Amino acid sequence: MEHHFGQGTTPASESFDKTRVLNVKPLRTLVPVFPSPSNPASSSTPQGGAPFVCVSPSGPFPSGVAPFYPFFISSESQRLSEQNAQTPSGQRVPAAPVSTAVPINSFRTPTGAANGDVGSSQKNTRSRGWVTEEDGYSNVEIEEIDADEGTGTGRSKRKSNKKTKARQSGGSVSVDVDPDAVAADILKSLNALVFDVLSQPEGSRDSVAYTLMIYEVMRRKLGQIEDSNRAANSGAKRPDLKAGAIMMNKGIRTNSKKRIGVVPGVEIGDIFFFRFELCLVGLHAPSMAGIDYIGKTSQEEEPLAVSIVSSGGYEDNVEDGDVLIYSGQGGVNRDKGASDQKLERGNLALEKSAHRGNEVRVIRGLRDPQHPTGKIYVYDGLYKIQNSWVEKAKSGFNVFKYNLVRLPGQPQAYMIWKSIQQWTEKSASRAGVILPDLTSGAENIPVCLVNDVDNEKGPAYFTYIPTLKNLRPTAPVESSTGCPCVGGCQPNNFNCPCIQKNGGYLPYSSASLLADLKSVIYECGPSCQCPSNCRNRVSQSGLKFRLEVFRTKNKGWGLRSWDSIRAGTFLCEYAGEVVDSARMEELGGDNEDDYIFDSTRIYQQLEVFPGDTEAPKIPSPLYISAKNEGNVARFMNHCCSPNVLWRPVIRENKNESDLHIAFYAIRHIPPMMELTYDYGAVLPLKVGQRKKKCLCGSVKCRGYFC
DNA sequence: TGTATTCAGTAGTAT
DNA sequence: ACTACTGAATACACA
């Protein structure tokens, strides 16, 4: 594997001159994808007519212009959905996905055909628009999944269960927007994605990833809708639970059969932000309880523990990275107060597992300084219960204790967190640090330069700048003078022009996550009245994560983060020097610049998201050179299965638009995992342009990039 | 089929 | 930081 790596990227050199060390060339050329195959490139302006038709994300779509298959339903179609007065039926059905590069799994046509699907919203209004059994796809796929599991009983059980659940939710009431109808709509808009999940082999890495993506999408969208409803509908809402319940009811999950040991498709070190995520991928079934176990299936058999979550609710001992002293469950009751724990349920299962010696999955829940609200769950692999005992807790009551020891030979997971914590507290120093702050203070947090792989002393010289230089304001898509939201843009303020431009919703959630994947993100800008901490200025406040530029094994320098990064989070923008097309030509020639961001090239829709999402769409060409000046983004390597993507961000500026390129996390990214995005593939190649051998190592590697 | 049980997560209030 | 409070899956008891 490794023997042929590095050929194209590293002209072997042992220069140690710090100012001009080695030109590593992380090979950069970005290419946006355009949905329409008939307009591969676009040189015309938005008003020009052909390639760029200005379409509001919410439609209506001019004839001949395919909608982008929005990641979410638009606000407009949402409101109309009750009357089923949405865009022509063919457009809502993802039968002809934008991307011609259909993901590995073949797209499955709904059994009920397209019409059944579209009509279901009307048919099911009594049941709150729920897409139930009649919606075409659920029957076949779910049966197949059940059949795969080989549990006949499980199937019939689940089916009857599903029906009652659907009916139950049919009785629920809501004030403004019906969340169930919304959920049904979201699911419909995600049809392709749902098919993808359901057609994946149970437990494949993809089925896990897609399941989490759908969950994330559902959760954020439900939260977004909840957000704008808040005025009418007070009280704490739980989009995490809501989204989870919908997925469970629809059977959009993987590894639904409990198992001891490895869960296929879930890797050690994977991180999760909600308990439901653990549930949906089959890692840990209970939505709250900390011990998951297989109950006794017959009189003789004994319950066995399969997984535990250690998240600080009890007095667990987590000092050692490889040993966990876990407390049993029970003994706390809101009404009755504390009591002795009993040897039953999870405690009994752990006890039996200790004797049986079976592997128990351990999920470590921890507080991350980066995400003060909520916890992060780290899958830390398999442990075995060495011994157990009963002891008196602080409360004075008996508590069961289980001593779990991590099986050797597993990749680090929780230990990485511990290490980072130690580097942070300075009780241990980071090995291989070349520069504590590569940015020389240009960013608000330092970005260190590290090499613990070889002797290279740093990348080729460049000047660090945190944002774009020579920014050329471009013509606005719609004329506007910015928003008047003095106190910051509020999610339920439908009069805010910046919110309107985004299709009626703030593009970011309250946690500053990208709410949905639009082709363009409209942020507030210099001409807006809102303050700098406005929720619609996410990409403008600099780095939020402790990033480091590090030496990769075979791809030169790369970028990674000490902090875990949640899917949808803004990472950084692509900084550099904005250059014009003439200069671009020069740079594309002999003076090849591998740090170019070129918005005008064709970006082949790659397997970033399995479903159809809006491809990035840039209103006017943008070329950025980061060779001489740039920021951390210039170090991000290419990967064919990336964890980061980019979107154009337009910042409102006096009837002009400041166009930036912003990067967002596609999925949850554990600390110290390399950050990569898809450079895209240029088809056809320009004259003189070379394909570059791809070293990403992904199983889906295309073999080259451009 | 019903229900007790459970190491969530959020918002609101107090410190 | 603490508190209240709603929340949903599951095992298991029960009919």
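First the proteins, then the strands, lettered A, B, ... as listed; each starts at 1. Scope of the values below: all heavy atoms of this structure, side chains included, with no hydrogens, waters or symmetry mates. Just so you know, these numbers come straight off a predicted model, no measurement behind them.
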Secondary-structure stems for DNA chain B, with pairs counted as Watson-Crick or G-U when both distances are under 3.5 Å and runs at least 3 long: B:1-6 with C:8-13, B:8-13 with C:1-6

query: Can you tell me if Thr424(A) and Arg546(A) form a side-chain donor-acceptor pair at under 3.5 Å?
result: yes

message: Please enumerate all residues that pass side chain to side chain contact (heavy atoms under 4.5 Å, CB included) together with Met672(A), with sequence neighbours excluded.
response: Ile416(A), Ile420(A), Trp423(A), Arg430(A), Glu548(A), Arg560(A), Trp562(A)

task: Salt-bridge test for Arg667(A) and Glu216(A): reply yes if a basic N is under 4.0 Å from a carboxylate O, no otherwise.
output: no

- prompt: Taking for each residue the nucleotide of DNA chain B bearing the nearest heavy atom, is the 5' side occupied by Phe274(A) or by Arg345(A)?
  reply: Arg345(A)

message: Whole angstroms only, please: what is the CZ-P distance between Arg238(A) and dG12(B)?
response: 14 Å

query: With a non-hydrogen cut-off below 4.0 angstrom, is Lys258(A) in contact with a base, only sugar-phosphate, or nothing?
result: sugar-phosphate

- prompt: For dA8(B), does OP1 or OP2 lie under 4.0 Å from any side-chain N or O of Lys375(A)?
  reply: yes

Toward the 5' end of DNA chain C, by each residue's nearest nucleotide, Leu241(A) or Asp292(A): Leu241(A)

statement: Walking DNA chain B from its 5' end, the first of Gly331(A) and Phe273(A) to be reached, judged by nearest nucleotide, is Gly331(A)

- prompt: Rounded to the nearest Å, what distance is computed from the CE atom of residue Met218(A) to the P atom of nucleotide dA8(C)?
  reply: 13 Å

- request: Round to a whole Å and report the spacing from CG of Asp240(A) to P of dG9(B).
  value: 6 Å

Contacts of type ring-ring contact (aromatic ring centres under 6.0 Å, His included), residue Tyr383(A), not counting sequence neighbours: none

query: Within the structure shown, what part of the strands sits under 4.0 Å from Tyr377(A) by heavy-atom distance: base, sugar-phosphate, or nothing?
result: sugar-phosphate

field: Rounded interatomic separation in angstrom, taking CG from Leu283(A) and P from dA9(C)
entry: 17 Å

- request: Send over the distance from Ile294(A) CD1 to dA9(C) P, rounded to a whole Å.
  value: 19 Å

- request: Rounded to the nearest angstrom, tell me the gap between atom CZ in Arg275(A) and atom P in dA9(C).
  value: 13 Å

- request: Starting at atom NZ of Lys352(A), determine the distance to atom C1' of dA11(C), rounded to an integer number of angstrom.
  value: 17 Å

- prompt: So what does Gly330(A) touch, heavy atoms closer than 4.0 Å: a base, only the sugar-phosphate, or nothing?
  reply: sugar-phosphate

- line: Quick note, Ala245(A) side chain, CB onward, closest among dT10(C), dA8(B), dA8(C) is dA8(C)

query: Roughly, in whole Å, what's the span from OH in Tyr293(A) to P in dT10(C)?
result: 12 Å

query: Given dT10(C), is OP1 or OP2 found less than 4.0 Å from the side-chain N or O atoms of Ser287(A)?
result: no

Set of residues satisfying side chain to side chain donor-acceptor pair (under 3.5 Å) with respect to Ser339(A), sequence neighbours excluded: none

Residues that Lys342(A) engages under side chain to side chain contact (heavy atoms under 4.5 Å, CB included), provided they are two or more places apart: Glu344(A)

- request: With sequence neighbours excluded, give me every ring-ring contact (aromatic ring centres under 6.0 Å, His included) pair touching residues 259-292 of chain A.
  value: Phe273(A)-His371(A), Phe273(A)-His668(A)

